[in-house]
Amino acid sequence: MTAESAAKSAAKLHPRIVAGLSASPLNLVDLVDSVRRDDCGGIVVFEGTVRTPNHGQQVLALEYEAWEERAQTQLHTFATEVAEEFGLGAALAMHRVGRVEVGDPAVVIVAVAVHRRAAFEAASVLIDRVKAEGWIWKKELRVDGQVWIDSCE
Amino acid sequence: MTQVLLFAQAREIAGTRSVNIDGVTVAEVLAAADMLFGSEFAQLRLHCTVMVDEVILLGSEFATASAGTELAILPPVSGGSDHARDHSSSGMRVAVLTVSDRASAGEYEDLTGPAVEATLLSVLDAQVVLRAVVPDERSAIVKILIQWCDVDQVDLVLTNGGTGLAPRDVTPEATREVLEVEAPGIGELMRSVGLKHTALAALSRQYAGRRGKTLIVNLPGSVAGATESLEAVIQILPHACATVRS
């Protein structure tokens, strides 16, 4: 069964949407618990973490900056639209602002669906939208200085 | 006065998140910002998306678009999509042209253009990306219609004014000059609804039709006439524009 037909055949769920920006570390367990529900059996979690090295350069941390009021609204819109498209029970999109250390999550996406396939596909679509369209910028803090990242990765 | 918002690298180079700049068009405000913040800023700015009051503008629109109250200069985001190209997928891009000698001369404020915008936005998923006021002169009207259709390629142009029988009323003639295909039913529908209010609607000469991928619709000049005429056809505009674009 495709995700689309699964979405159609499932009884209409009223999706729970959690979305926003956070200046403090993202707690994965708390975030997943906030969207967990008994009538959904598939939860896919994507965590985007700060990586080093990047293009051969040692990265100390990333600094995120957002157009805060717009990005908040955007994240909510993306999560709502993806939840609608895939018939999700819940969708979560949380993004960090400020300094994020290597290994820590900069973005967390959670897709909650009745069955796993819709959850996998929805999580993938949602993170792509957040990265491509969200008004959120990142600066790499390196040993040799700081650089704004504006290329597709 | 336009509040210019700056983000990421643009904010760092400028040394501020926000600055107020005087200017009528987007191009004027951007040129003033370039002067203020220097060549490094001007260089970066060429790669930035410009958003005016919620609407993302194309570079070709800078010279004619109003600077609005809030103008954001947005460097490319790390996820790397081209917002200026993406935005055509959401909502109709609309241009509103007010044709009036007196409004163009500044003798009175253009009330009809804003009323048309408000009516449009209250019903449809649309963005007004361009607006202008020109005198009742055929050449001025033709020039801006061609610019908006051929260069800016908006989905819909709504003109208001110059549709009556006075000697200076030339909007229908200017419109017919640029149309490739006429859509007489749109004018007929507007008049048939107008006739329910007043027999004078029979004197209005609005045209509509297609040029390239743009639908052009004439509306009368009065606030009531323009909004009632627009309401008469507003439900068919999305389908009409989709057909024109296809």
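Throughout, a chain's letter reflects where its sequence line sits, starting with A, and its residues are numbered from 1. Given the structure is predicted, the values throughout are model-derived calculations rather than measurements.
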For this session: Compute the centroid of each ring, for W135(A) and then for F7(B), and state whether the two points are separated by less than 6.0 Å.
Result: no
Table please: side-chain donor-acceptor pairs of residues 230-242 of chain B below 3.5 Å, with sequence neighbours left out.
none

Seminar exercise, completed: All heavy atoms of V77(B) vs all of A132(A), minimum pair found to be CG2-O, 3.6 Å
For this session: Answer yes or no: is there an ion pair linking E180(B) with R210(B), defined by an N-O contact shorter than 4.0 Å?
Result: yes
Exercise. Is there a donor in the side chain of K213(B) and an acceptor in the side chain of Q153(B), or the other way round, less than 3.5 Å apart?
Worked result: no
Exercise. Side chain, backbone, both or neither: which part of E12(B) has a heavy atom under 4.5 Å from chain A?
Worked result: side chain
For this session: Give, as side chain, backbone, both or neither, the part of W148(A) having an atom under 4.5 angstrom from any heavy atom of chain B.
Result: side chain
Exercise. Side chain of R96(A), backbone of A23(A): donor and acceptor closer than 3.5 Å?
Worked result: yes
Exercise. Judged by modelled atom types alone, do Q3(B) and S18(B) share a side-chain donor-acceptor pair under 3.5 Å?
Worked result: yes
Exercise. How about residues 68-75 of chain B versus chain A: which residues have heavy atoms under 4.5 Å apart?
Worked result: E70(B), A72(B), L74(B), P75(B)
